[in-house]
Asks: 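Input: one structure, supplied below.
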Amino acid sequence: MISLKNILLPTDLSEPSRHATKYAIEFARQFDATLHLLYVIEEPPFYAPLGGYFPTHEEWEAFADSGLQEWIVEDDAAGLTIIREKVYGHPVPKIVEYAADHEIDMIVIGTHGRSAIPHLLLGSKAENIIRHSPCPVFTVRPKQHEFVMP
Ligand code: ADP
């Protein structure tokens, strides 16, 4: 029997990453699992989410907090236990470390993220999360056969 108690949904708050969300929500609902939503603020910063300049520390925090809050809207979150976390550092080691520290049973990620290069099968972080994860990783490619009903 498969028992999932803790599911990790790391997101870089980008559109390609959004596709994984409904799968993570559905798995959490069906297995009555806690859903951990994790955003790693890249340090050193790799992109400027607010336009052409790199935000201050406070602006990053505000971007992360509102992004995490809005990522799963209230209607979709009904009945779920959701933990929203932001941490600083390199995404891959931070995601792997979080999974190990929180008894995560499955990680759900998008195959692509913010710097999506469509012809690549996997983004570099996706590949390295799969390589180093302490648990199974469920990957979701944009525009593939879907089994979660809208
Ligand atoms: P790309 O190279 O196309 O940007 P990535 O490998 O960076 O793709 O991203 C793949 C997936 O990894 C994302 O959909 C997301 O689930 C996860 N991810 C990437 N960066 C972060 C981050 N900073 N915080 C949390 N999750 C992330």
Side-chain angles (χ1 to χ4, degrees), residues 4 6-31 33-73 76-77 80-148 150:
L4 302 177
N6 288 287
I7 295 171
L8 176 58
L9 175 64
T11 176
D12 61 357
L13 303 175
S14 71
E15 216 36 53
S17 163
R18 193 173 282 285
H19 296 272
T21 304
K22 58 186 168 184
Y23 288 86
I25 289 175
E26 244 349 271
F27 281 126
R29 189 156 277 134
Q30 294 202 14
F31 285 91
T34 298
L35 183 58
H36 300 248
L37 183 58
L38 177 68
Y39 174 55
V40 183
I41 301 176
E42 290 196 46
E43 241 178 16
F46 171 63
Y47 59 89
L50 304 175
Y53 82 105
F54 284 101
T56 63
H57 205 267
E58 289 72 26
E59 285 170 329
W60 265 115
E61 299 252 322
F63 171 77
D65 288 339
S66 65
L68 285 170
Q69 202 51 47
E70 289 160 13
W71 198 252
I72 300 178
V73 295
D76 293 340
L80 289 179
T81 306
I82 301 178
I83 294 173
R84 293 174 164 86
E85 281 286 354
K86 59 180 184 301
V87 297
Y88 287 86
H90 292 291
V92 174
K94 286 293 171 189
I95 290 165
V96 169
E97 183 184 305
Y98 188 97
D101 288 351
H102 295 80
E103 299 184 339
I104 297 297
D105 300 306
M106 181 172 73
I107 301 177
V108 180
I109 54 169
T111 51
H112 295 87
R114 194 163 286 276
S115 51
I117 303 174
H119 68 269
L120 290 182
L121 182 62
L122 280 178
S124 64
K125 292 183 202 93
E127 182 178 339
N128 282 306
I129 293 165
I130 293 167
R131 234 180 251 286
H132 299 289
S133 170
C135 63
V137 181
F138 187 91
T139 59
V140 182
R141 190 158 44 90
K143 293 200 190 129
Q144 64 182 9
H145 169 80
E146 296 199 345
F147 58 80
V148 175

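Only this structure's heavy atoms are used, side chains among them; waters, hydrogens and symmetry mates stay out. Indexing begins at 1, ligand by ligand and atom by atom, following the structure's order. From a predicted model like this one, the values you see are computed outputs, not experimental measurements.
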Asks: Do we get R18 above W71's six-membered ring, with its NZ or CZ under 6.0 Å from the centre and within 45° of the axis?
Replies: yes

Asks: Of the backbone atoms (N, CA, C, O) and the side-chain heavy atoms from C-beta on, which set of S17 has a member under 4.0 Å from an atom of ligand 1: side chain, backbone, both, or neither?
Replies: both

Asks: Taking 4.0 Å as the limit for heavy-atom contacts, which would you say applies to R114 with ligand 1: side chain only, backbone only, both, or neither?
Replies: backbone

Asks: Taking N or O atoms only and a 3.5 Å limit, does A126 qualify as a polar contact for ligand 1?
Replies: yes

Asks: Below 4.0 Å, non-hydrogen atoms only: which portion of I95 touches ligand 1? Side chain, backbone, both or neither.
Replies: side chain

Asks: Grab the two heavy atoms, one from L8 and one from I95, that are nearest each other, plus how far apart they are.
Replies: CD2-O, 3.9 Å

Asks: Got a salt bridge between R114 and E42, using NZ or NE/NH1/NH2 to carboxylate O under 4.0 Å?
Replies: no

Asks: Is the closest N or O pair between E42 and ligand 1 shorter than 3.5 Å?
Replies: no

Asks: Can you name the nearest heavy-atom pair linking S133 to I107, along with the distance?
Replies: OG-CD1, 3.5 Å

Asks: Please find the pair of heavy atoms, one from I41 and one from A64, that lie closest to each other, and give the distance.
Replies: CD1-CB, 4.0 Å

Asks: Side chain, backbone, both or neither: which part of I41 comes within less than 4.0 Å of ligand 1 when only heavy atoms are counted?
Replies: neither

Asks: Is there at least one pair of N or O atoms, one from V108 and one from ligand 1, spaced under 3.5 Å apart?
Replies: no

Asks: Return the minimal non-hydrogen interatomic distance between V108 and P10, and the atom names on each side.
Replies: O-CD, 3.2 Å

Asks: What about T11: any of its N or O atoms under 3.5 Å from an N or O on ligand 1?
Replies: yes

Asks: Check each heavy atom of S124 against ligand 1 and say whether those closer than 4.0 Å belong to the side chain, the backbone, both or neither.
Replies: backbone

Asks: Counting each atom of ligand 1 from 1 as listed, which ones have a heavy atom of I109 under 4.0 Å away?
Replies: 16 (O)

Asks: Kindly identify the option in G123, G110, P10 whose heavy atom sits closest to atom 10 (C) of ligand 1.
Replies: G110

Asks: Atoms of ligand 1 less than 4.0 Å from S115 heavy atoms?
Replies: 1 (P), 2 (O), 3 (O), 4 (O)

Asks: Which of the numbered atoms in ligand 1 are below 4.0 angstrom from a heavy atom of L38?
Replies: 25 (C)

Asks: Do the charged groups of R131 and E127 touch, with an N to O distance under 4.0 Å?
Replies: yes

Asks: Go through the steps to decide whether T34 and T81 satisfy the test side-chain hydrogen bond (donor to acceptor under 3.5 Å, both in side chains), and finish with yes or no.
Replies: CA-CA 5 Å; T34 298; T81 306; 4.9 Å; no

Asks: How close do G89 and V40 get, counting heavy atoms only, and between which atoms?
Replies: O-CG1, 3.5 Å

